[in-house]
Amino acid sequence: MAKMRAVQVAKAGGPLELVEKEIPQPAAGYVRVKVHACGICHSDSLTVEGHWPGIDYPRVPGHEVAGVVDAMGAGVLGWKAGDRVGIGWYGGSCGYCDRCRRGDFVACLINPQVSGISFDGGYAEYIVVPKEALALIPDEISFVDAGPLMCAGVTTFNSLRNSGARAGDLLAVHGIGGLGHLAVQYASRMGFHTVAIARGEDKAALAKKLGAHEYIDSTARNPAEALAKMGGAKVILTTVTSGKAMGEVLGGLGVDGKLLMVGASMEPIAVTSLQLIGGRKSVAGWPSGSSIDSQDTMRFSALTGVRPMIQEMPLERAAEGYKLMMDNKARFRVVLTMNEGA
Ligand SMILES: NC(=O)c1ccc[n+]([C@@H]2O[C@H](COP(=O)([O-])OP(=O)(O)OC[C@H]3O[C@@H](n4cnc5c(N)ncnc54)[C@H](OP(=O)(O)O)[C@@H]3O)[C@@H](O)[C@H]2O)c1
Ligand SMILES: [Zn+2]
């Protein structure tokens with residue numbers, strides 16, 4: 001059996017280790033993709049640390065995958081070997097529950113599949129995925145840029161376009177990391193009055209370069225008060241990993257404002273009903289998107305010039321790249337590369 005290189009965790013909390021594995025074969029309805037690039041998302045910590053229930057270890061993380069269709073099982077229509085494709089968090093669904101029958105596949109109630117959690121992900125030279133997980137990459141977008149768009153991109157693009165905010169509204173992006181630096185680009189391209197909020201002055205110039213109209217250093221100013229002074233935000237898209245920090249921006253919402261959470265945190269968020277009642281404010285969450293949402297994200301990015309800022313690293317340096325991200329030192333997405341020139 002032919003072998004491939006992959007980086008996996010043997011158990012929850014275990015290190016990321018480079019191993020040799022058999023190249024997987026696609027069953028009926030599945031597609032094998034030769035991986036060229038895979039971004040390292042903060043949500044990979046769910047696999048590495050074991051915070052997601054029921055993971056069957058050893059497991060290969062990675063859900064920001066870009067590569068080419070390499071082999072197909074029976075019953076895969078519409079795809080051919082060589083197609084440039086991406087795979088994100090959404091890795092397929094049951095197809096028959098109430099949500100799926102409404103076309104709301106991401107909210108599948110019976111069997112939501114998650115790349116790098118339900119099946120081995122993209123820290124590998126090959127990945128086998130359900131055909132529903134594939135998104136077509138436009139010619140204008142390189143593999144290394146497509147990777148981060150498959151999670152950081154689609155999550156921010158899709159949450160923003162469904163947020164209810166309209167062109168001209170004051171919209172804040174909280175946290176300028178992998179997700180946040182793309183959210184700032186999308187928000188400004190979508191026509192929102194875009195405010196970036198991050199800790200420290202060092203990200204101010206970058207945030208402006210990415211399209212932010214204003215920058216709030218949350219270590220120097222109270223971000224809620226600063227937003228309120230600007231009239232209050234229609235939406236605060238919070239991408240941070242701290243529930244405490246999310247609670248601290250809530251007071252920056254304007255009338256009918258919404259705190260839209262995409263950052264995942266185990267910490268509770270402090271909010272009183274009085275903070276919400278008067279101004280008809282709300283707190284909501286948003287999960288990624290389907291493969292079609294990913295295609296929309298990439299097409300919008302091709303059209304408007306949105307690209308991730310990336311640091312490329314070869315697959316064998318996955319543990320180093322993961323640490324860089326966890327230490328909040330990635331600027332702004334580490335992307336693993338493999339099968340280069342192949
Ligand atoms: N909803 C979804 O579908 C979805 C999809 C992808 C990721 N996620 C989640 O979204 C979050 C961000 O992911 P990412 O890949 O963008 O991570 P990342 O690149 O590591 O960025 C994390 C951000 O969190 C902020 N942060 C970290 N610790 C903080 C603290 N103690 N107080 C305030 N801010 C803090 C940092 O803000 P500064 O800029 O101020 O340093 C940084 O911008 C993660 O929780 C991830 O699991 C959710
Ligand atoms: Zn992700």
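If you're wondering where the values come from, they're calculated on a predicted model, not measured in any experiment. Each ligand, and each atom within it, is numbered from 1 in the order the structure gives.
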[X] neighbourhood, listing ligand 1 atoms whose heavy-atom distance to it stays under 4.0 Å:
{"X": "Ile176", "value": "39 (O), 43 (O)"}
{"X": "Gly175", "value": "37 (O), 39 (O), 43 (O)"}
{"X": "Ala245", "value": "32 (N), 33 (C)"}
{"X": "Thr155", "value": "1 (N), 2 (C), 3 (O), 4 (C), 5 (C)"}
{"X": "Cys151", "value": "5 (C), 6 (C)"}
{"X": "Ala198", "value": "39 (O), 40 (O)"}
{"X": "Lys203", "value": "38 (P), 39 (O), 41 (O)"}
{"X": "Met325", "value": "20 (O)"}

(message) Check contact between Pro287 and ligand 1, using heavy atoms of the residue and a distance below 4.0 angstrom.
(response)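 Checking ligand 1 against Pro287, which is what was asked, there is a heavy-atom contact under 4.0 Å.
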
(message) Within the structure, is a non-hydrogen atom of Arg333 found at a distance of less than 4.0 Å from ligand 1?
(response)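 Checking ligand 1 against Arg333, which is what was asked, there is a heavy-atom contact under 4.0 Å.
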
Of all the non-hydrogen atoms in the protein, which one sits nearest to [atom], and at what distance?
{"atom": "atom 21 (O) of ligand 1", "result": "Gly177 CA, 3.7 Å"}
{"atom": "atom 19 (O) of ligand 1", "result": "Gly178 N, 2.8 Å"}
{"atom": "atom 27 (C) of ligand 1", "result": "Thr241 OG1, 3.0 Å"}

Do you know which of [options] makes side-chain contact (heavy atoms from CB on, under 4.5 Å) with [X]?
{"X": "Arg331", "options": "Ile176, Asp202, Ile310, Leu324", "value": "Asp202"}
{"X": "Val184", "options": "Val306, Thr239, Leu210, Leu237", "value": "Leu210"}
{"X": "Met4", "options": "Glu22, Lys34, Glu125", "value": "Glu125"}

Would you mind finding which of [options] brings a heavy atom closest to [atom]?
{"atom": "atom 10 (O) of ligand 1", "options": "Gly263, Gly88, Gly153, Ser159", "answer": "Gly263"}
{"atom": "atom 48 (C) of ligand 1", "options": "Val262, Leu179, Asp327", "answer": "Val262"}
{"atom": "atom 40 (O) of ligand 1", "options": "Arg199, His42, Met246", "answer": "Arg199"}

(message) Is it true that His63 and Ser115 share a donor-acceptor pair across their side chains at a distance under 3.5 Å?
(response)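 Their side chains do not contain a donor-acceptor pair, so the 3.5 Å distance test is not met.
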
(request) Would you please say whether a donor-acceptor pair under 3.5 Å links the side chains of Thr47 and Asp44? (result)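 No, no side-chain donor-acceptor contact under 3.5 Å.
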
Of the side chain and backbone of [X], name the one, both, or neither that has a heavy atom under 4.0 Å from an atom of ligand 1.
{"X": "Ser288", "result": "both"}
{"X": "Ala264", "result": "both"}
{"X": "Met326", "result": "neither"}
{"X": "Asn328", "result": "side chain"}
{"X": "Trp286", "result": "backbone"}
{"X": "Thr239", "result": "backbone"}
{"X": "Ser43", "result": "both"}

(message) Quick check on side chain to side chain donor-acceptor pair (under 3.5 Å): which of Gln311, His181, Glu64 does Arg333 satisfy it with?
(response)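 Option passing the side chain to side chain donor-acceptor pair (under 3.5 Å) with Arg333: Glu64.
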
(request) Fit a plane to each ring of Tyr90 and Phe105, take the angle between them on a 0 to 90° scale, and name the class: parallel (under 30°), tilted (30 to 60°) or perpendicular (over 60°). (result)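 Tyr90 vs Phe105 ring planes: tilted.
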
(request) If the plane angle is over 60° it's perpendicular, under 30° parallel, otherwise tilted; pick one for Trp52 and Trp89. (result)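 Perpendicular: the ring planes of Trp52 and Trp89 meet at over 60°.
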
(message) If you define the side chain from C-beta out and look only at heavy atoms, does anything of Cys108 sit under 4.5 Å from Arg99?
(response)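 No - every pair of side-chain heavy atoms lies 4.5 Å or more apart.
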
(message) Within the structure provided, determine whether Ile141 and Ser301 are in side-chain contact (heavy-atom separation under 4.5 Å).
(response)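 They are in contact (side-chain heavy atoms under 4.5 Å apart), so the answer is yes.
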
(request) Would you check if the side chain of Ser290 reaches a backbone N or O of Asp293 as a donor-acceptor pair within less than 3.5 Å? (result)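 Pair found, side chain donor or acceptor close to backbone of Asp293.
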
(request) For Thr219 and Asp217, indicate whether the former's side chain and the latter's backbone hold a donor-acceptor pair under 3.5 Å. (result)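 Side chain of Thr219 to backbone of Asp217: no pair is present.
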
(request) Please report the shortest heavy-atom distance between Val106 and Gly289, naming the atom on each side. (result)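 In terms of heavy atoms, the two residues are closest at CG2-C, 3.3 Å.
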
(request) Could you tell me whether Glu248 and Lys244 have a side-chain N and a carboxylate O separated by less than 4.0 Å? (result)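 So Glu248 pairs with Lys244 through a salt bridge.
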
(message) Salt bridge or not between Asp120 and Arg59? Use side-chain N to carboxylate O under 4.0 Å.
(response)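 Yes.
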
(message) Quick check for you: to the nearest 0.5 Å, what is the distance between Leu182 atom CG and Leu149 atom CG?
(response)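 Result: 6.0 Å between the selected atoms.
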
(request) Can you establish whether the number of heavy atoms outside Lys3 located under 6.0 Å from its atom NZ is more than 12? (result)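 Yes, the 6.0 Å shell around NZ holds more than 12 heavy atoms from other groups.
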
(request) Run through the protein N/O/S atoms less than 2.8 Å from the Zn ion (ligand 2) and write them out by chain and number. (result)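 Per the 2.8 Å query on the Zn ion (ligand 2), atoms found are Cys41 SG, His63 NE2, Cys151 SG.
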
